Amino acid sequence: MSFQFTEEQIKRYSRHIILPEVGGKGQQKLLQSKVLVIGAGGLGSPSLYYLAAAGVGTIGIVDFDVVDFSNLQRQILHNTERVGMPKVLSAKQTLEALNPDVKIITYNQKINKDNVLDIIKDYDIVLDGSDNFPTRFLINDACYFLGKPLVSAAILRFEGQLTTFDYRDKENTPCYRCLFPEPPPPGLVPSCQEAGLLGVVGGIMGTLQANEALKLILEIGEPLVGRLLVFDALTTEFNTVKLRKDKKCPLCGENPTVKELIEYDQSCDIHF
Amino acid sequence: MENIKIDRELDLKGEVCPFTFVKSKLILEQMAEGEVLKVILDYKPSVENVPKSMREEGQEVLQVNQIGDNLWEVIVRKVR
C-alpha cells in the first residue's frame, strides 16, 4: 500500500489518521470515494458539510430549488446573501471553501425516472435528504435496481428517522418499500412546510446520515441496516425499531410487482 | 546494544505532536509487517507520545534512545 498526502492534507486529516480504525489507509479510501446527496436542504446541509470536511473525494449534489429566506432557519450551507441562488451552487461554494480536496458535481435539476439512474450510477453511496414521497420512492427503487447503498433520513416537527438500506446485499437488507409499500395518499402526511420543523432536527439526522456514509466507506462498525432509528427532540431520546424484510414487499419480496421505475404524482405541492 | 536492522528512517526534526506520530504512522502503514522504522525526534513530548501511541496501535517499540543534545530516536517494529 502506498499513499502520498501533502503537508496540508496530513494536517487537515490528522485527527482521522490518528484513529486506528481510519489511518492513512482509511483517509485514502475517503478521498477515493464518491457520495451522492439528494437535496441540499435541512438534511443535506449537515451531511454535505461533514462529508466534505472528512475528505470524501467526489460529492454529487442534486437539487432544483433556489435558496429562500425560509430555508435559512436550518439549511446551514446557505446564507442570507445567497437568497435566490440555486442551492447546488450555494452548496458548492460553501463546500469548496471548506475543503478544496473535494470535487463537487452539481445537478441543478429535479430528479425523475429518466435521469435518476444516470445520476446515481457512478456513485458508491446515496444519501436521501429529499422532502417528498415521489422522490423518496424513485431514489429507493433506483438504488435497489443499481445495487447502491442508500442512507435514508426524514424529519418533521421534532422527530427524525434514519435507516440504511444496503442494496449491495439485497438478500439481507429490508428495503424502503418493506417499510412503506406505496406512497401515502395525498394530504395524509404533512410536509414540513405545513407542519413545521425544529431546525436542529435536520442537523442531527443529517449528521447521522454522514456518519453512516463514512462507516460504509471505511468498512467499520455496524451500519444501521434492518434498524430504524427514531429521534425525539423533545425528550432527547433515540429509539431503534427492528425492520424486517417483507416477503410480500412489492419491490424485494418473493413476487415483486415493481419491476421498473415509477414516477408518482407529487402528493402535495404547497408553497408558502 | 543489540544490532537492529533498520528498514526505513524518518527524520522528524522540527515536527511537534501530534504530527510526529501522524507522520510516523503514515510511513509505518506503508511498510510490511516485521519491518523496522527509526524515527528521529527533537521535540521532547513526542519522545513519550510516539512510543505510547505506537503501542496503543499494537506496534512493537524496540528502543527509545537519546542520541544527542535534545535529539532522540524511536525504533518501532511493524506488527500489524
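Labels below follow one simple rule: chain letters A, B, ... track the order of the sequence lines, proteins then strands, and each chain is numbered from 1. Because the structure is a prediction, the values reported are computed rather than measured.
Between B:Lys23 atom NZ and A:Ser14 atom OG the span is 10.5 Å, to the nearest 0.5 Å. The NZ atom of B:Lys25 lies 7.0 Å from the CG atom of A:Leu19; values are rounded to the nearest 0.5 Å.
Shown here is A:Lys170, whose NZ atom has more than 12 heavy atoms of other residues, nucleotides or ligands within 6.0 Å. For A:Tyr50, the OH atom sits in a loose shell: 12 or fewer heavy atoms of surrounding residues, nucleotides or ligands are nearer than 6.0 Å. Within a 6.0 Å sphere centred on NZ of A:Lys34, other residues, nucleotides and ligands contribute 12 heavy atoms or fewer. Residue-environment remark: CD (B:Glu48) stays at or below the threshold of 12 foreign heavy atoms within 6.0 Å. Residue A:Gln4 places its CD atom among 12 or fewer non-hydrogen atoms of other residues, nucleotides or ligands, all under 6.0 Å distant. Within 6.0 Å of NZ on A:Lys121 lie more than 12 heavy atoms contributed by other residues, nucleotides or ligands.
Neither the backbone nor the side chain of A:Tyr13 comes within contact range of chain B; no heavy atoms are under 4.5 Å apart. Only the side chain of A:Glu7 comes within less than 4.5 Å of a heavy atom of chain B; its backbone N, CA, C and O stay farther away.
Using modelled atom types, no side-chain atom of A:Lys25 and backbone atom of B:Gln30 make a donor-acceptor pair closer than 3.5 Å.
Considering every non-hydrogen atom in both B:Pro18 and A:Ile18, the closest pair reads CB-CD1, 3.7 Å. Closest of all the heavy-atom pairs between B:Leu26 and A:Gly24 is CD2-CA, 3.4 Å.
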